[in-house]
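Convention: sequence-line order gives letters A, B, ...; per-chain numbering from 1. Excluded from the calculations below are hydrogen atoms, water molecules and symmetry mates; all remaining heavy atoms, backbone and side chain alike, are included.
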Number of protein chains: 2
Amino acid sequence: MSAHHNMSIDAWDEIRTAYHVARLGTVSGAAEVLGVHHATVIRHIDSLEKRLGTKLFQRHARGYTATEAGQDLMQVAQATDDQFTQLASRLKGRGDSVTGELVVTSIESLSPLLSPVLAEFQMANPGVTVRFVTGDRVFRLEYGEAHVAIRAGTAPNEPDNVVQRYSTIQIALYASRKYLGGRALPIPEEELPQEKFMGYENMDSRAPFYRWMEDNVPRQNIVMRGSDGRSVKHAIRAGIGLGFMASWEASQYEDLVQVVEPKPEWAAPLWLVTHVDLHRTAKVQAILAHLKSAADSWTLA
Amino acid sequence: MSAHHNMSIDAWDEIRTAYHVARLGTVSGAAEVLGVHHATVIRHIDSLEKRLGTKLFQRHARGYTATEAGQDLMQVAQATDDQFTQLASRLKGRGDSVTGELVVTSIESLSPLLSPVLAEFQMANPGVTVRFVTGDRVFRLEYGEAHVAIRAGTAPNEPDNVVQRYSTIQIALYASRKYLGGRALPIPEEELPQEKFMGYENMDSRAPFYRWMEDNVPRQNIVMRGSDGRSVKHAIRAGIGLGFMASWEASQYEDLVQVVEPKPEWAAPLWLVTHVDLHRTAKVQAILAHLKSAADSWTLA
DNA sequence: ATTGTGATGTGCACTCATGAACAGAATTGC
DNA sequence: GCAATTCTGTTCATGAGTGCACATCACAAT
């Protein structure tokens with residue numbers, strides 16, 4: 001039983017037709033405006049009247065004149081037409097201009113790098129409201145959780161996602177001067193496993209430097225683990241031992257020094273990933289362009 | 001050029017489809033509610049997005065989630081659906097119940113006869129507003145000028161008008177006692193042409209008693225003419241001579257007497273005429289029934 | 001792992017709404 | 001009064017939109 005016990009009109013096009021007939025007073029005029037044959041207009045009216053059980057028009061050779069019911073319908077349809085027209089211009093404009101919300105997501109560790117860039121973008125486009133969502137859980141673009149995501153690591157290959165190569169985060173091993181105590185640098189690679197290390201809580205991540213640490217550093221030498229980048233950073237600065245950090249972040253601190261020449265495989269590629277449905281919109285294109293131009297001024301490599 | 005330079009949406013059904021998709025979150029669910037195949041829903045969405053130039057939904061295997069644009073559309077469509085539903089119930093009710101305006105038209109001379117009947121009807125149906133329009137010009141039902149007309153004379157045969165036999169107005173020759181001066185009644189028919197007569201201004205009317213007067217009474221004996229029934233009535237009562245009057249009206253006055261037995265051909269048939277489009281509506285049926293029952297209590301013959 | 005379920009998406013046959021042509025009627029013009 | 005115009009209304013052929021079937025995919029549960 002698919003019958004609507006609560007009567008709701010399931011032929012909006014017919015109302016639209018009736019509206020123009022009531023407005024113009026003739027079937028032919030309405031047919032011309034609607035771009036259909038006048039026979040179609042007559043059929044729409046007949047169908048609608050049959051459905052409503054009420055005569056909407058009185059037919060005569062000079063045209064159709066709306067009954068009270070028809071005039072009532074005309075007023076409602078008039079309002080509807082106005083609202084739809086406004087909606088259309090809103091939506092049209094929304095497609096070509098950068099307004100409304102713009103949701104960007106990334107892993108939390110990129111936050112200090114991206115925040116200023118996004119702030120810049122917002123100031124350049126006052127009409128847009130930027131929401132920067134970070135978190136270790138992957139925000140799913142296909143559910144509309146974000147317009148663009150900055151992902152790190154291996155290239156995502158989820159379907160319906162258009163992914164672009166973005167930039168490269170140079171990762172290196174750092175330690176504080178306090179820990180090193182004036183030792184000669186770089187530390188020879190064969191001696192590294194004997195150092196103390198600051199590790200990560202969830203090493204299940206497939207980041208290459210994680211795997212390097214798992215493979216080359218004895219478990220007992222990983223003396224502490226942190227679950228987020230900030231705690232790792234503070235532990236290293238406190239002198240607990242060696243640890244992986246992004247070069248751009250470590251270089252901001254005078255007390256941190258790079259202990260070995262970074263291996264190329266440690267580098268974490270960044271990916272700009274957007275949903276295919278939203279990729280072509282002006283808003284997404286604008287933020288992508290802005291992110292790329294910002295990356296050009298970075299000195300990450 | 002039939003191009004709409006002002007963008008207005010010319011596919012309301014597609015908006016309705018998109019509305020239900022946005023509301024339910026899945027194409028399949030919307031298809032079931034709408035009573036169409038889910039492929040149709042997909043095609044509607046695609047068409048609408050193409051038309052608006054904006055993505056309304058993000059597609060994924062679990063369903064469709066509305067973008068900002070889609071949510072905007074959903075709100076507008078929600079309001080539209082509510083308004084249409086209200087309209088439908090209003091119109092549905094209007095078809096089966098007697099409410100709103102009811103326009104009745106007749107020739108002016110029937111006004112005193114019909115007015116109390118219409119007043120009765122209004123009091124029996126408080127929801128209806130009765131407009132009683134009299135005038136010598138014929139109000140055209142097909143232009144929506146009236147719901148029901150009471151016509152006198154020969155049966156109207158206009159197309160699209162359903163006409164019913166109503167009642168018969170008995171017309172007879174009357175004169176005031178002052179004019180007669182106590183003569184014996186009835187006046188022999190062969191002496192009638194020698195009497196003085198009160199006539200009508202527009203004798204072009206095809207009423208049978210008009211023609212009788214034209215045919216049987218010498219022109220110079222029609223000593224006065226009036227353009228409306230009231231002036232004729234007053235002239236007769238003033239004693240100017242003989243004149244045709246409706247029996248129901250003349251019988252109200254003590255000073256008026258019937259001078260000859262009325263000829264059957266003088267009687268004026270009344271017709272109830274309605275437009276075919278409105279004839280079946282409850283409102284029209286109600287007033288017709290009321291008029292007929294009122295006629296049963298009349299003593300016109 | 002594997003099966004099951006409930007989604008979206010697409011090619012193909014078909015039906016139904018549409019469009020073209022014509023007829024009828026009323027009003028307008030000369 | 002007669003022709004011209006402008007409507008409505010109906011019939012019939014056609015094409016666009018629809019429904020069906022099947023493929024595909026994602027998630028959940030056993």
Side-chain angles (χ1 to χ4, degrees), chain A residues 2 10-14 16-18 20-51 55-66 70 138 140-145 156-161 275-277, chain B residues 2 10-14 16-18 20-51 55-66 70 138 140-145 156-161 275-277:
Chain A
S2 67
D10 52 343
W12 288 15
D13 275 340
E14 291 179 354
R16 193 175 89 100
T17 301
H20 281 110
V21 172
R23 192 168 60 89
L24 299 170
T26 65
V27 169
S28 309
E32 191 179 3
V33 170
L34 293 168
V36 296
H37 202 267
H38 73 268
T40 302
V41 174
I42 293 178
R43 284 187 282 253
H44 279 186
I45 301 299
D46 290 345
S47 167
L48 191 57
E49 284 185 343
K50 192 173 183 180
R51 190 164 318 194
K55 289 290 175 189
L56 296 171
F57 298 95
Q58 300 201 49
R59 296 135 168 81
H60 52 267
R62 287 293 292 179
Y64 276 33
T65 60
V138 276
R140 310 200 53 172
L141 298 181
E142 56 266 33
Y143 280 69
E145 294 183 311
N157 61 344
E158 311 166 43
D160 297 340
N161 281 5
H275 194 275
V276 66
D277 287 347
Chain B
S2 68
D10 51 343
W12 288 15
D13 275 339
E14 292 180 355
R16 193 174 89 99
T17 302
H20 281 109
V21 172
R23 190 169 61 89
L24 299 170
T26 65
V27 169
S28 308
E32 191 180 3
V33 170
L34 293 169
V36 296
H37 202 267
H38 72 269
T40 302
V41 174
I42 292 178
R43 286 187 279 251
H44 278 187
I45 301 299
D46 290 344
S47 167
L48 191 56
E49 284 185 343
K50 191 173 182 180
R51 190 165 317 195
K55 288 291 174 188
L56 296 170
F57 299 94
Q58 300 200 47
R59 296 135 168 82
H60 52 267
R62 293 287 294 178
Y64 277 32
T65 60
V138 275
R140 312 200 54 171
L141 298 181
E142 57 266 33
Y143 281 71
E145 293 184 313
N157 61 343
E158 310 166 43
D160 297 338
N161 282 5
H275 195 274
V276 66
D277 286 346

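With hydrogens and angles left out, the side-chain atoms of B:S47 and B:E14 include a donor and acceptor closer than 3.5 Å.
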**OP:** Please report the C-alpha distance between A:H44 and A:V41 in whole Å, then the side-chain angles of each, then the deciding distance to 0.1 Å, and finally whether the side chain to side chain contact (heavy atoms under 4.5 Å, CB included) criterion is met.
**Re:** CA-CA 5 Å; A:H44 279 186; A:V41 174; 5.7 Å; no
**OP:** Report the C-alpha distance between A:K50 and A:D46 in whole Å, list the side-chain angles of each, state the deciding distance to 0.1 Å, and finish with yes or no for side chain to side chain contact (heavy atoms under 4.5 Å, CB included).
**Re:** CA-CA 6 Å; A:K50 192 173 183 180; A:D46 290 345; over 6 Å; no
Original post:
Under the side chain to side chain contact (heavy atoms under 4.5 Å, CB included) criterion, do B:V33 and B:R23 qualify, and how do the steps go?
Top reply: CA-CA 11 Å; B:V33 170; B:R23 190 169 61 89; 4.2 Å; yes
**OP:** I would like to know whether A:R59 and A:I45 meet side chain to side chain contact (heavy atoms under 4.5 Å, CB included); could you show each step before the answer?
**Re:** CA-CA 11 Å; A:R59 296 135 168 81; A:I45 301 299; 3.9 Å; yes
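A heavy-atom distance below 4.5 Å is found between the side chains of B:Y64 and B:I42. When side chains are defined from C-beta on, B:T26 does not count as touching B:H38, because their heavy atoms never get closer than 4.5 Å. The shortest side-chain heavy-atom distance between B:L34 and A:D10 does not fall under the 4.5 Å cut-off.
From one end of the helix from C:dA1-D:dT30 to C:dC30-D:dG1 to the other, with five pairs defining each end axis, the axis direction shifts by 30° (rounded to 10°).
Between A:E32 atom CD and D:dT8 atom C1' the separation is 16 Å, expressed in whole Å. Atom NE2 in B:H60 sits about 9 Å away from atom P in D:dC27, given to the nearest Å. Between B:L24 atom CG and C:dG6 atom P there is a gap of 16 Å when expressed in whole angstrom units. D:dT8 atom P lies 15 Å from atom CD of A:Q58, rounded to whole Å. Going from atom CZ of B:R62 over to atom P of C:dT5 covers 14 Å, rounded to whole Å. Straight-line distance from the NE2 atom of A:H37 to the P atom of D:dT11: 15 Å, rounded to whole Å. If you measure from atom CZ of B:R59 to atom P of C:dG9, you get 6 Å, rounded to the nearest angstrom. C:dA17 atom C1' lies 12 Å from atom CG of B:D13, rounded to whole Å.
Side-chain atoms of B:H37 never come within 3.5 Å of backbone atoms of B:T40 as a donor-acceptor pair (strictly under, hydrogens ignored).
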Using nucleotides 13-15 of chain C, report all nitrogen or oxygen pairs with the protein that are shorter than 3.5 Å.
none

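With respect to A:E49 and A:R43, no salt bridge is recorded, no charged nitrogen being found less than 4.0 Å from a carboxylate O. Between A:D13 and B:R16 there is no salt bridge, since no side-chain nitrogen of the basic residue lies less than 4.0 Å from a carboxylate oxygen of the acidic one.
Within residues 38-46 of chain B, the residues approaching DNA chain D are B:A39, B:T40, B:R43, B:H44, by heavy-atom distance under 4.0 Å.
Within the structure, every side-chain polar atom (N or O) of B:T26 is placed at least 4.0 Å from both OP1 and OP2 of C:dG6.
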